[in-house]
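Predicted model, so just to flag it, every value in this text is computed and none were measured.
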Amino acid sequence: MKKLLFPLLAVLALTVGTAAAQTTMPDTDAMQGRGGRMQGSPDEMAKRQAERLSKELGLTTDQATKVQAILLARTQEMQAMRGQARDGGNRGQLREQMQAGRAKYDAQFKEALTPDQYIKFTALQADRMENDRDMRAGNTSDVKKMKTKTADGDKVKVKTDN
């Protein structure tokens, strides 16, 4: 009996340890999509993005409400386009639709934000796009200077103190 007790306890410990290692936090992992980006319903994503932008841009309550509505519409439209792409839609036509949508929502953001907030917003977008490109290319070095143009042709320069 004593000879069976030790191996049985060892197997039990390994089983419990393995099961504990495989459990994850359902809140975050359920929302993680491809590429590590947060997912969820369009409402949840728009709310998270609006909260983040409110902090980063110092939005008023009215601006935050407008921005959240813009983000929700943009998210829903982009999800519909991604669905078309998965269903074998014409890539060239989808690219044109996405560019037109980007310009439309950019104009709405420009209307909802002050000029200074809009400049910060476009810099944040450019920084995120640059980071996405770097991650895809495997380059994770910090960017110290960046230049970009908005959809309207406005030039934006960003320098960090790194």
Side-chain angles (χ1 to χ4, degrees), residues 23-162:
T23 59
T24 57
M25 297 292 291
D27 296 343
T28 56
D29 287 345
M31 293 189 292
Q32 286 285 335
R34 291 186 355 230
R37 289 197 177 174
M38 296 299 282
Q39 297 295 315
S41 74
D43 290 330
E44 292 168 343
M45 290 189 299
K47 185 177 180 183
R48 278 193 308 271
Q49 289 173 334
E51 287 172 358
R52 181 180 51 83
L53 287 173
S54 290
K55 290 176 188 173
E56 291 176 348
L57 302 176
L59 302 180
T60 64
T61 306
D62 185 45
Q63 285 178 315
T65 303
K66 288 178 184 176
V67 165
Q68 186 170 344
I70 295 167
L71 290 167
L72 176 60
R74 184 178 74 175
T75 301
Q76 290 172 334
E77 186 174 314
M78 293 302 284
Q79 283 186 344
M81 284 187 225
R82 286 185 188 118
Q84 288 176 359
R86 278 190 292 265
D87 294 340
N90 181 345
R91 285 190 172 271
Q93 184 180 14
L94 287 171
R95 184 177 298 115
E96 289 175 13
Q97 286 177 341
M98 286 187 171
Q99 288 173 343
R102 208 173 290 129
K104 175 177 78 172
Y105 292 115
D106 189 55
Q108 290 178 8
F109 281 117
K110 192 171 189 174
E111 209 173 279
L113 303 173
T114 67
D116 287 341
Q117 289 171 331
Y118 181 73
I119 289 170
K120 281 184 185 178
F121 173 74
T122 55
L124 288 170
Q125 281 185 310
D127 188 38
R128 183 172 179 186
M129 288 175 68
E130 186 69 29
N131 287 340
D132 285 352
R133 276 189 218 114
D134 286 346
M135 292 301 284
R136 277 189 233 115
N139 180 11
T140 57
S141 64
D142 291 335
V143 177
K144 297 192 185 215
K145 287 199 292 186
M146 176 178 47
K147 295 179 185 178
T148 187
K149 286 187 179 181
T150 64
D152 296 339
D154 298 333
K155 293 180 181 178
V156 178
K157 292 182 183 179
V158 178
K159 294 181 183 179
T160 61
D161 295 334
N162 295 351

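Considering only residues two or more places apart in sequence or on other chains, Arg52 meets the side chain to side chain donor-acceptor pair (under 3.5 Å) condition with Glu56. Among residues two or more places apart in sequence or in another chain, the side chain to side chain donor-acceptor pair (under 3.5 Å) test is passed with Gln68 by none. Under the ring-ring contact (aromatic ring centres under 6.0 Å, His included) criterion, Phe109 pairs with Phe121, sequence neighbours left out. Taking the side chain to side chain donor-acceptor pair (under 3.5 Å) definition, one finds that Ser41 meets it with nothing, sequence neighbours left out. Scored by the side chain to side chain donor-acceptor pair (under 3.5 Å) test, Lys120 finds no partners at all (sequence neighbours excluded).
Rounded to the nearest 0.5 angstrom, Gln99 CD and Arg102 CZ are separated by 6.0 Å. With rounding to the nearest 0.5 angstrom, the CE atom of Met78 is 5.0 Å from the CZ atom of Arg82. Atom CD of Gln125 sits about 9.0 Å away from atom CZ of Arg128, to the nearest 0.5 Å. Atoms CG and CG, from Leu53 and Leu113 in turn, are 8.0 Å apart once rounded to the nearest 0.5 Å. In this structure, OG1 on Thr65 lies 11.0 Å from CD1 on Ile70, to the nearest 0.5 angstrom. How far CG of Asp43 is from CE of Met45: 9.0 Å, rounded to the nearest 0.5 Å.
Among all heavy-atom pairs drawn from Ala64 and Ala50, the shortest one is O-CB, 4.3 Å.
Residue pairs that meet the salt bridge (Lys or Arg N to Asp or Glu O under 4.0 Å) test with at least one member in residues 61-78, sequence neighbours left out, are Asp62-Lys66, Glu77-Lys104.
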Practice task
Just do the side-chain contact (heavy atoms from CB on, under 4.5 Å) check on Glu130 and Arg133 with the steps written out, would you?
Solution key: CA-CA 5 Å; Glu130 186 69 29; Arg133 276 189 218 114; 3.3 Å; yes
Exercise for the section: Give the intermediate values and the outcome of salt bridge (Lys or Arg N to Asp or Glu O under 4.0 Å) for residues Arg48 and Glu51. Expected result: CA-CA 5 Å; Arg48 278 193 308 271; Glu51 287 172 358; over 6 Å; no
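Taking 4.5 Å as the limit, some side-chain heavy atom of Gln76 sits within range of a side-chain heavy atom of Leu72. Using a 4.5 Å cut-off on side-chain heavy atoms (C-beta onward), Leu57 and Val67 make no contact.
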